[in-house]
Amino acid sequence: MASNWTERISAFCCSPSSFLSGTNPDAFLAELLRELRDDRASYGVKVLLLSPLCEYPTLLCSSESVGEETALDLMSVFTQCPPRSSQFRCHLLVALTSVLVCSSCVSNRSRASLDFIDLLLQICQDTSDRDGDGRQRCPRATACDCLCEIEASCPGLLSQRLELLAGLRQQETSWLHQAYAGLHILVLRNAVYQLTKQTGAGAAHLKALLDGNTSVAWEADQEAFHMVTKDSAIQSSLILGPMGRVPTLHTGPDCKELRSVLSSLLEESYLLTPLCQAALFRRLTEVVAMVPGIPPTIFRAQLLRLLGTNEVCLLHVTLLMKCAFTDSLFSAEDEAFLLKRLVVLSQHPLLSTPEKLFYMDCILHFPENRPINCGDSDEALPVLLTPQLASALLPTVFNDSATLLARLHLQALVFLEEGEEEGRGLAYIYDHLTALLHIVDRGGSRDIVVTFFRAAFLFLFYFQHVEGYSARLSEQLCQLYLQHTQLAPHILNLVDKTLERLPECNWALGLLQGLQRVISTAPLGQLTLRDLSCHLKVLARVAEEGKISQCSTLGFLSAVITQSSSLLCTSGDWRLGNGVLGVCRRVLLHPSLDSLLIPLADILQHLTCYYGDTDIQDHARLYYTLLTTLSREKLSVVLAQSAAEGGGQVKKRTLSCVMAESEGLTNILTVHQTEQPVFQLTEALSGLQQEMENLQLSQDEGDKALESYRAQFSESGFASQIMLKYHLTHTEPHDPRFEQIFSICLHFSLTDDHYEQLQDISVPCLFRQRPPPVVQLTLKPRRPYPTTIHVSAIFTSKDGLTWHTTMPDVHVEFQQAFLPLPVPLSWSRASRQDVFEGLWDEFCSEMGDCIISLFCCQLREAALKALVEKHFLPFLVSDLSQEDELRVLLFLPPRSHVLLKISSEEDATQFNMATDTRQLLPHMNSYLLTVTSSQDESVR
């Protein structure tokens, strides 16, 4: 029963929707609850049964009524559970919280949820283990966490329990004090926020709230409660925006009770872990921000410790406090010290890169006491960050990519703020950019290339107006492109992003013109086909700009295709021809097409007559016909409509469509990756398969049976393979695109060296409506151990696309390597027993890797017979009717044997084992333990 539940829960967690589609969710929930109430089930199984309720409560408890009934059943189980089962009680509390919160019972304050909150509070108050072994502290901690979850989902629900929670926090001396402090400040913060939303609330209401100790079902304004609950999203970020948005509670100077509570929490804060301290300070900051009667100077005693901390979370919450209170808490000296500390931490050699990047980001968003820019998201440098102070963060070529770009960004803002466009600062940044360019020119890695172009974009974003530097950068990029044409995608991406972010900047157009110039003037004798492919991509992008003349582009194309030694036309390369047509296509849409008519027509006519690929000739002929017969307006409409249709998925794909390089056919030539496995291999229920030759031995082998058996292994490849059969089936949920699949190629990857590499297997087709095809795996073991095989496949869908999918792993179990004794069928049972006796005598000598062992278990006679018939019948060499001893011979390729003598004694069933490969014993012992346990349970 336990194994059955393990399989069912595992199947549910893997795919809850598909699991519930085969059963009724209410029936499955009822089975779970019935098993949880069963005293015969172990607590390990019961913890497993709670996992669906913890992880998927909305699927099993779809309504509030079902959630409330489930919660009542779970609380009944909790009541009957003995206190010593603390781990199970903790899981029960978590499951109850998940069910009540997700089924809206808590938000609607149902009777079950209120009873559960009372139960949690009782557990939190149970201090009977204070002088004991602390076994009950775990349920208390879990109860505290559950209360936090309930309060977070329904803010204000526990606000009438503030005095109780404060008492629990003050009395607790164990590590639970931290959990109680977190719960107390959360409830206090939500209670204060709730008062800010109530009209006329003041000091008296706040005092009554802090002193209150009524039941959870307190009489409050229902409408106000729901208003606060719906407003819970706003509460999560009270201090992230301008403080004018924070609601306030006008109490006047009479806030002694609240001040006392806050002071107590602050005094105990050093006892908490850094993360819990950060959460505590954040909530305290929000409370003080909402109650003007509490001065921010209440944090002054903690400020020195926070300013000197090396914890990221504490420094972050210090910045949040500075954002909330500015000069009410932080003096000018504090502000200067904090900024200098951020600068130091941003370059500290002992800190990790993510930490240093975080500190640099804090500098860019530093909350000043007197901010000039009040924007919420704009990056602006603090006034106190001078070029001298920021010089410690100058970028170097030895920085990693992220650090280099962050420092470059910071320095650009510094020099832009100081107005040093022509000074030494800008010169340093450009020299650094030039150094990166030289590294790229000398064959830098892909990371360096990407970093350089990102740095170039940052430089242009801030200093594109400095013509001297921007013009020099454009020239250097053109020269870099001529030396490394494979950088064309990076350069074009830089152009596109610059035009996108700086639409009024003419630098990108100047770079395109420069690229057009260097391409058209480069000597054709040194032009390779690879360089030509990159040139065509650049020229196609240049042709999209209506402000750039295309005369030199057409001149370059004409020279390339008409020269006597042209490799382009003679090679007939389809991609290069399509690249040329892509440029021509964009020229057809150029505003100055009238002046380009004759040279463009000559190029298209030459391609039609002399290009070595028929498809390119057809395209060129079509373009030539359109150019010579349609007006420019009609031509633009036709080509624009064709481009729009080519971008989508066309039903009929053919090479003879009007398209550029990236349209239509590219979709066919691409191998697409599936998001989920499309099909899987499931083990076929078939008999043992083996591949061996039938040697023609005599009927009577006599005393030479073992010698004849040994002689068979002299032949290469004898009995060295294992044949396993699997069904190839679709996975669930199915994708309609893959109902019919063709030309499947299965690829297998081993995870160890226990087996020889498997060959790929081809399957003609797989239709969901037809029986699944059988796939036969031929395994050739080096060592017959269990293994896992990774499986992937490439296939073609019915719409003509090629797909790659990763399939679930195939697990080869130890018992799947078992084969019967590999002897001819003509051998008698006596001859097989002679082989067994001879091998047993050899193995008992324990020479080399030979070893003997004993496995014992409790099995009845009927269970033993059923076990042998189910698991060992094909391997028996003795008669099954023998009552005293059964003999089993397991052959494991390539040359391993496991011999079993099975007998029933008075006190146990004995499996005497002998093998010539001692490494097999742990696997054999595990296998016997599994089959004997399952057989014993089935008989019961």
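Ser474 places no side-chain N or O within 3.5 Å of a backbone atom of Ser470 that could act as its donor or acceptor partner. Between the side chain of Ser558 and the main chain of Leu554, no donor-acceptor pair closer than 3.5 Å is present. Of the possible donor and acceptor atoms, one in the side chain of Glu355 sits under 3.5 Å from a partner among the backbone N and O of Ser352. Side-chain atoms of Tyr611 come within 3.5 Å of backbone N or O of Asp573 as a donor-acceptor pair. Side chain of Gln516 to main chain of Ser549: a donor-acceptor pair is present (N/O by atom type, distance under 3.5 Å, no hydrogens or angles). Looking at Glu545, its side chain never comes within 3.5 Å of a backbone N or O of Leu509 through a donor-acceptor pair. Using a distance-only test at 3.5 Å, with no hydrogens or angles considered, no donor-acceptor pair links the side chain of Asp531 to the main chain of Thr485. Remark: side-chain polar atoms of His590 are paired, donor with acceptor, to backbone N or O of Ile548 under 3.5 angstrom. At least one donor-acceptor pair under 3.5 Å links the side chain of His484 to the backbone N or O of Asp441.
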For residues 407-415, tabulate all N or O donor-acceptor pairs below 3.5 Å that involve a side-chain atom, not counting sequence neighbours.
from, atom 1, to, atom 2, distance (Å)
Arg407, NH1, Leu394, O, 3.2
His409, NE2, Glu379, OE1, 3.2
His409, NE2, Tyr462, OH, 2.7
Gln411, NE2, Ala390, O, 2.6
Gln411, NE2, Leu393, O, 3.2

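Other residues, nucleotides and ligands place no more than 12 heavy atoms under 6.0 Å from the CZ atom of Arg501.
Taking 4.5 Å as the limit, every side-chain heavy atom of Leu384 sits out of range of all side-chain heavy atoms of Phe366. The closest side-chain heavy-atom distance from Leu581 to Leu607 is below 4.5 Å. Using a 4.5 Å heavy-atom threshold, the side chains of Tyr359 and Val343 count as separate. Looking at Val397 and Ile448, their side chains never come closer than 4.5 Å, going by heavy atoms from C-beta outward.
For the atom pair CD (Glu500) and CZ (Phe457), the distance works out to 7.5 Å, reported to the nearest 0.5 Å. For the atom pair CG (Leu480) and NE2 (His438), the distance works out to 9.5 Å, reported to the nearest 0.5 Å. For the atom pair CG of Leu536 and CG of Leu557, the computed distance is 6.5 Å after rounding to the nearest 0.5 Å. Between Leu492 atom CG and Leu515 atom CG the span is 7.5 Å, to the nearest 0.5 Å. For the atom pair Leu345 CG and Asn310 CG, the distance stands at 8.5 Å (nearest 0.5 Å). The CG atom of Leu539 sits 8.0 Å away from the OG atom of Ser552 when rounded to the nearest 0.5 Å.
Between Arg341 and Thr309, the shortest heavy-atom contact is NH2-O, 2.6 Å. Contact detail for Cys478 and Val518: the closest heavy-atom pair is CB-CG1, 4.1 Å. Counting all heavy atoms, side chain and backbone alike, Ile561 lies closest to His606 at O-NE2, 3.0 Å. In plain terms, the two heavy atoms of Leu627 and Leu597 that are nearest each other are CD1-CD1, 3.3 Å. Closest approach of Phe452 and Leu433 over heavy atoms only: CE1-O, 3.7 Å. When every heavy atom of Ser595 is checked against every heavy atom of Ser592, the shortest pair comes out as OG-O, 2.9 Å.
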For Asp615 and Asn578, what are the C-alpha separation, side-chain angles and deciding distance, and is it a side-chain contact (heavy atoms from CB on, under 4.5 Å)? CA-CA 9 Å; Asp615 186 64; Asn578 199 44; over 6 Å; no
Applying salt bridge (Lys or Arg N to Asp or Glu O under 4.0 Å) to Arg541 and Glu544, what does each step give before you reach the verdict? CA-CA 5 Å; Arg541 179 62 184 87; Glu544 294 179 5; 3.6 Å; yes
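In terms of the side chain to side chain donor-acceptor pair (under 3.5 Å) criterion, residue partners of Gln673 (sequence neighbours excluded) are, by chain and number, His804.
Ion pair Arg472/Glu475 not flagged as a salt bridge, since none of the NZ, NE, NH1 or NH2 atoms sits closer than 4.0 Å to an Asp/Glu carboxylate oxygen. Residues Asp334 and Lys322 are not paired through a salt bridge, judged by the lack of any N-O separation under 4.0 Å between the basic side chain and the carboxylate.
Taking the six-membered ring for Trp and thresholds of 30 and 60 degrees, Tyr430 and Tyr469 have ring planes inclined between 30 and 60 degrees apart. Ring pair Tyr428/His432 is parallel by interplanar angle, where below 30° counts as parallel and above 60° as perpendicular.
For the 3.5 Å distance criterion, the side chains of Asn399 and Thr396 qualify, holding a donor opposite an acceptor. There is a side-chain donor-acceptor pair under 3.5 Å between Arg305 and Gln277.
Less than 6.0 angstrom separates the ring centroid of His535 from the ring centroid of Tyr481.
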